[in-house]
Asks: 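I have a structure here, written as structure tokens, and I will follow up with some questions on it.
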Amino acid sequence: MKKIAFICVNYNNVNYTIDFIKSLNNICKTEFIQIVVVDNASKDNSVEVLHKLEMEYTNVMVIYSKTNVGYFKGLNLGINKLKTEDYDYIVIGNNDLTFD
């Protein structure tokens, strides 16, 4: 099976990110996907919740940006953290996406 990395940005809306992560892990085996979440200096409880998700799911990596760098620069932080040659596909999208 091909390896796929999914990247999204979170900013003060961690409930969407929770659904994003859970939906991906429900449709794919965790060894075939890597989920990268870039938190864009959220002001709510996102950091605490994301830290718990990172501990719960072995395939979730969270990047905690100290400043809000914007959506596209946030995505680039995620892309740059990956060894892109390890993946057949990289999917970038909003954190409010869910997969059936």
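Both backbone and side-chain heavy atoms feed into the values below; hydrogens, waters and symmetry mates do not. As the structure is a computational prediction, the values presented were derived from the model and not from experiment. Residue numbers start at 1 and run along the sequence shown.
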Asks: Give a yes or no answer on whether the side chain of Asn94 reaches the backbone of Asp96 with a donor-acceptor pair at less than 3.5 Å.
Replies: no
Asks: Does Asn76 have any side-chain hydrogen bond (donor to acceptor under 3.5 Å, both in side chains) partners at least two apart in sequence or in another chain, and if so, which?
Replies: none
Asks: Does Leu77 have any side-chain contact (heavy atoms from CB on, under 4.5 Å) partners at least two apart in sequence or in another chain, and if so, which?
Replies: Val38, Ser65, Val69
Asks: What residues join Phe99 in its hydrophobic cluster, counting side-chain heavy atom gaps under 4.5 Å, either direct or through other members?
Replies: Ile4, Phe6, Val14, Ile18, Phe20, Ile21, Leu24, Ile27, Ile33, Ile35, Val37, Val47, Val49, Leu50, Leu53, Tyr57, Val60, Val62, Tyr64, Tyr89, Val91, Leu97
Asks: Check the hydrophobic clustering (I, L, V, M, F, W, Y; side-chain heavy atoms under 4.5 Å; chains of links allowed) and say if Ile7 and Phe72 are grouped together.
Replies: yes
Asks: Can you establish whether the number of heavy atoms outside Leu75 located under 6.0 Å from its atom CG is more than 12?
Replies: yes
Asks: Tell me the side chain to side chain donor-acceptor pair (under 3.5 Å) pairs involving residues 77-87, sequence neighbours left out?
Replies: none
Asks: Look up atom NZ in Lys3 and atom CD1 in Ile90, then write down how far apart they are to the nearest 0.5 Å.
Replies: 11.5 Å
Asks: Which residues pass the side-chain hydrogen bond (donor to acceptor under 3.5 Å, both in side chains) test with Asp44, sequence neighbours left out?
Replies: Ser46
Asks: Keeping to residues at least two apart or across chains, list the side chain to side chain donor-acceptor pair (under 3.5 Å) pairs with something in residues 11-25.
Replies: Asn10-Thr17, Asn13-Asn95, Thr17-Asn95, Asn25-Asn59
Asks: Has Asn68 got a side-chain atom pairing as donor or acceptor with Ala41's backbone, closer than 3.5 angstrom?
Replies: no
Asks: Enter the distance from Ser42:OG to Glu48:CD here, rounded to the nearest 0.5 Å.
Replies: 10.0 Å
Asks: Check the pair Ile63, Asp39 against side-chain contact (heavy atoms from CB on, under 4.5 Å), reporting the backbone distance first and the verdict last.
Replies: CA-CA 6 Å; Ile63 300 167; Asp39 184 72; over 6 Å; no
Asks: Side chains of Thr58 and Glu31: closer than 4.5 Å at any heavy-atom pair?
Replies: no
